[in-house]
Every structure is written in C-alpha cells, then in structure tokens.
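Working notes, beginning with the structure itself.
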Amino acid sequence: MAATDSQTAEEAARRRARYLTGLIWHTGAFVIINALLWLLDAYGPGGVNWATWITAFWGFALAFHALAYIVEGRGLEARKRREYYEEERQRETMLH
C-alpha cells in the first residue's frame, strides 16, 4: 500500500488503515461467531461436529485476508508495477 504516482501518501495511509480495520472486524466476527457455534455444537444434540468444518473453512479465508494485508503492506504490487513499467520503457527505447 505504498504511495504510487497517482496516489498520495495520505490516500495510501487511509486505504491501509481501512483495510486493517476490515481485517480486525473479520477477526472479531470469526472469534465471536465461532465461539457461539462451538458452544452450540458442544451442548446441542450429539452428532457430527459441524463447527469444526465452519471454523476450518472460515479460518482459511481469514488467513488469506491477513496474508493479503501483509503482502499489500509491503508494497509488492506497487514495486512490481514500477519495475515492469521501467522494463517496458527500456524495451520501447531499444525499439526506437
């Protein structure tokens, strides 16, 4: 989420803060809802442990959300965009 040519540092910071807030809300919902599901599963009628599956799949999605935040925070996309842009400019210069 590093600032790019068309994005100011303030806009980049605002976007990153908004993304972090979304990640925190996602984590909070995950913890609270899964705790309730586990209680229902533990004290409800016997049978399949369905809370395990919900927690596993949702946890997988949450892990990707966190990974996206980490990767974006390192500015990988912006760095690669600049790198590829420079490569294309050099290629165009060599052709002309």
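- Cluster partners of W25: none. The rule joins Ile, Leu, Val, Met, Phe, Trp and Tyr whenever side-chain heavy atoms lie under 4.5 Å apart, and it links nothing here.
- Under the side chain to side chain donor-acceptor pair (under 3.5 Å) criterion, R89 pairs with no residue at all, not counting sequence neighbours.
- Under the ring pair (Phe, Tyr, Trp, His ring centres under 6.0 Å) criterion, Y85 pairs with no residue, sequence neighbours left out.
- In this structure, L40 is a member of the same hydrophobic cluster as I54, with clusters built from ILVMFWY side-chain heavy atoms closer than 4.5 Å.
- Scanning for salt bridge (Lys or Arg N to Asp or Glu O under 4.0 Å) contacts around E10 gives R14, with sequence neighbours left out.
- T27 contributes atom OG1, which lies 4.5 Å from atom CG of L62 (distance to the nearest 0.5 angstrom).
- Remark: F60 engages F64 in a ring pair (Phe, Tyr, Trp, His ring centres under 6.0 Å) (not counting sequence neighbours).
- E92 pairs by the side chain to side chain donor-acceptor pair (under 3.5 Å) definition with nothing, not counting sequence neighbours.
- L39 belongs to a hydrophobic cluster whose other members, connected by ILVMFWY side-chain contacts under 4.5 Å either directly or through intermediates, are Y43.
- A distance of 13.0 Å separates OH of Y19 from CD1 of I24, quoted to the nearest 0.5 Å.
- Under the rule for a salt bridge (Lys or Arg N to Asp or Glu O under 4.0 Å), R18 has no partner lying at least two apart in sequence or in another chain.
- Contact detail for G59 and F30: the closest heavy-atom pair is N-CE1, 3.5 Å.
- Atoms CG and CG, on D41 and L36 in that order, are 12.5 Å from each other to the nearest 0.5 Å.
- If you take CZ on R16 and OG1 on T21, they are separated by 11.5 Å, rounding to the nearest 0.5 Å.
- With sequence neighbours excluded, the residues forming a salt bridge (Lys or Arg N to Asp or Glu O under 4.0 Å) with E83 are K80, listed by chain and number.
- Under a 4.5 Å side-chain heavy-atom criterion applied to ILVMFWY residues, the cluster that includes Y84 comprises that residue alone.
- Applying the side-chain contact (heavy atoms from CB on, under 4.5 Å) test to I33 and every residue at least two apart in sequence or in another chain returns A29, L37, W58.
- The OH atom of Y69 sits 4.0 Å away from atom CG of L20, with the distance rounded to the nearest 0.5 Å.
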